[in-house]
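Just so you know, these numbers come straight off a predicted model, no measurement behind them.
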Amino acid sequence: MKFLDQAKIYIKAGDGGAGCIGFRREKFIEFGGPDGGDGGKGGDVVIQCVANLNTLIDYRYQQHFKAKNGTPGMGRNRSGPNGAEVVVKVPPGTEIYAEDNETLLAELLEPGQRVVIAKGGNGGFGNAHFKSATNQAPRHANPGLAGDELTIWLRLKLIADAGLVGLPNAGKSTFLAAVSAAKPKIADYPFTTLHPNLGVVRAGDTDFVLADIPGLIEGAHDGAGLGTRFLGHVERCRVLLHLVDATQEDVADAYRTVRRELRAYGHDLESKKEIVALSKIDALDEDTRQAKADALQKAARKKPLLLSAVSGQGVQDALFALTREIGRAEKREEQESAEPAKPWRP
Ligand SMILES: Nc1nc2c(ncn2[C@@H]2O[C@H](COP(=O)(O)OP(=O)(O)OP(=O)(O)O)[C@@H](O)[C@H]2O)c(=O)[nH]1
Ligand SMILES: [Mg+2]
């Protein structure tokens with residue numbers, strides 16, 4: 001599957017139809033009077049969230065969306081039909097930004113959610129509208145109003161419950177492949193993963209979605225490597241699993257590098273709950289493993305989990321630690337939303 005998490009599209013709502021200037025002409029009817037109908041309303045451009053999409057790739061191929069114009073009014077008091085709307089379908093987790101790519105216009109999280117992003121113009125009144133006692137044969141009608149026209153950015157931030165972070169080659173994709181049915185590319189060179197992958201993980205009797213994102217390196221916030229753009233995809237996660245490759249020289253430094261990048265990125269990632277794990281422990285003997293774990297513990301100021309996605313050691317523990325955190329976060333969110341509003345006081 002191709003993946004695209006950003007797209008710029010141009011949208012134009014339909015213009016309203018013009019009102020009509022018309023007079024009733026019929027045999028034996030004198031002074032038939034004005035009978036020009038109103039123009040129809042232009043169609044809106046609607047952005048709708050649908051469940052079965054997970055990329056914005058469609059918008060690489062089509063970037064222009066125009067709703068239909070309203071039809072002009074007609075004689076014999078006939079109004080023009082309204083223009084049809086166009087629906088732009090996006091995956092859950094899409095944010096809509098204005099042309100500057102900074103002003104957030106809307107956010108679509110739940111399938112079924114719709115926002116009217118560009119309103120169609122109203123149709124103009126026909127001359128039948130303007131008849132009055134003093135002007136019984138008005139010869140003017142209103143033109144239709146123009147529909148909104150704008151350029152917007154769609155930005156996808158995947159909705160996952162847990163996210164994997166770490167340096168390149170830390171074993172993130174291997175972990176995702178081991179615990180879910182996802183089939184990310186795995187190889188022993190950095191930046192194997194070029195776009196985020198999602199997998200559904202089953203731990204005990206709960207399911208959650210785990211996201212694997214490209215590795216971070218020193219200076220990623222300045223654009224080094226693949227940059228921090230993909231960190232957007234873990235912004236909405238409830239917990240991060242930080243993998244540190246046990247086979248490298250300095251695990252403490254590796255840990256700190258990634259933390260520094262998370263901090264530089266901002267968006268609250270730094271304060272997110274983090275589970276630290278030393279990965280690839282099958283490749284080490286008992287003593288080195290202990291030494292690396294101690295070094296990592298010192299740097300992270302918490303006891304790291306030890307795991308190997310290849311031998312399966314410690315993987316279940318990591319999954320249970322993740323589900324526990326996700327459950328806690330869910331409970332916290334429930335409480336926050338259920339908190340009774342303070343009674344109003346003057
Ligand atoms: N011995 C051992 N090797 C592992 C383990 N996990 C991953 N590897 C190897 O480490 C290399 C990198 O693994 P990936 O899963 O591609 O690493 P990644 O973190 O996704 O790397 P990027 O996508 O480049 O950021 C591969 O050659 C894997 O076979 C493990 O538990 N034990
Ligand atoms: Mg990878």
inquiry  = Using side-chain hydrogen bond (donor to acceptor under 3.5 Å, both in side chains), reason through N135 and S132 one step at a time and then give a plain yes or no.
reply    = CA-CA 5 Å; N135 185 3; S132 66; 5.6 Å; no
inquiry  = Set out, in order, the CA-CA distance, both residues' side-chain angles and the distance that settles side-chain contact (heavy atoms from CB on, under 4.5 Å) for I29 and K27, then state yes or no.
reply    = CA-CA 5 Å; I29 296 190; K27 205 174 181 185; over 6 Å; no
Any sub-3.5 Å donor-acceptor pair from [X]'s side-chain atoms to [Y]'s backbone N or O?
X    : Y    : result
D285 : T288 : yes
K41  : P81  : no
T257 : D253 : yes
N197 : P184 : no
R76  : R24  : no
N127 : G22  : yes
W153 : A7   : no
R155 : N101 : yes
H233 : L158 : yes
S79  : G37  : no

Is [Y] paired with [X] through a side-chain N to carboxylate O contact shorter than 4.0 Å?
X    : Y    : answer
D207 : R202 : yes
K68  : E85  : no
D15  : K12  : yes
E261 : R256 : no
E325 : R328 : yes
R238 : E330 : yes

Just by distance, no angles: are the side chains of [X] and [Y] close enough, under 3.5 Å, to form a donor-acceptor pair?
X    : Y    : value
S173 : D212 : yes
D282 : S308 : yes
T206 : T323 : no

What I'd like to find out is whether the side chain of [X] reaches to under 4.5 Å of the side chain of [Y], using heavy atoms alone.
X    : Y    : answer
I281 : Q313 : yes
L241 : V165 : no
I275 : L322 : yes
L226 : F191 : yes
D268 : E235 : no
T103 : Y97  : no

request  = Please work out whether the ring planes of Y10 and H64 are parallel, tilted or perpendicular, with thresholds of 30° and 60°.
outcome  =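 Y10 and H64: tilted rings.
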inquiry  = Please verify the inter-ring angle class for H267 with Y265; under 30° counts as parallel, over 60° as perpendicular, anything in between as tilted.
reply    =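 Because their plane-to-plane angle lies in the 30° to 60° range, the rings of H267 and Y265 count as tilted.
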Euclidean distance, [Y] [atom2] relative to [X] [atom1], rounded to 0.5 Å:
X    : Y    : atom1 : atom2 : answer
K292 : L284 : NZ    : CG    : 6.5 Å
E270 : E274 : CD    : CD    : 10.0 Å
K273 : I326 : NZ    : CD1   : 12.5 Å

Please check if atom [atom1] in [X] has more than 12 non-hydrogen atoms from other residues, nucleotides or ligands closer than 6.0 Å.
X    : atom1 : value
K119 : NZ    : no
K183 : NZ    : no
Y189 : OH    : yes
Q62  : CD    : yes

query = L269 and V276: same hydrophobic cluster, using ILVMFWY side-chain contacts below 4.5 Å?
reply =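 No, L269 and V276 fall in different hydrophobic clusters.
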query = Honestly curious: do V46 and L105 fall in one hydrophobic cluster under the side-chain, below-4.5 Å linking rule?
reply =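 As far as the 4.5 Å side-chain criterion goes, L105 and V46 are not connected within one cluster.
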query = Quick one: which of L56, T55, I159 gives a side-chain contact (heavy atoms from CB on, under 4.5 Å) with P91?
reply =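 Single pass found, and it is L56.
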request  = Please determine which of D5, L4, I47 meets the side-chain contact (heavy atoms from CB on, under 4.5 Å) test together with L154.
outcome  =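 For L154, the side-chain contact (heavy atoms from CB on, under 4.5 Å) check succeeds only for I47.
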query = At their closest point, which heavy atom of Q136 faces which heavy atom of P138, and how far apart are they?
reply =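 That closest heavy-atom pairing would be C-CD, 3.4 Å.
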task = Mind listing the closest non-hydrogen atom pair of T192 and K185 along with its distance?
result =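 Of all heavy-atom pairs spanning T192 and K185, the closest is CG2-O, 3.6 Å.
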message = Less than 6.0 angstrom separating the ring centers of F65 and Y59, yes or no?
response =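 F65 vs Y59: aromatic centres under 6.0 Å.
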ask   = Would a line drawn from the ring center of F230 to the ring center of H195 be shorter than 6.0 Å?
value =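 No.
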query = Do you know which of N169, T247, T174, D245 makes side-chain hydrogen bond (donor to acceptor under 3.5 Å, both in side chains) with K280?
reply =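 With K280 as partner, N169, T247, T174, D245 yield a single side-chain hydrogen bond (donor to acceptor under 3.5 Å, both in side chains), made by D245.
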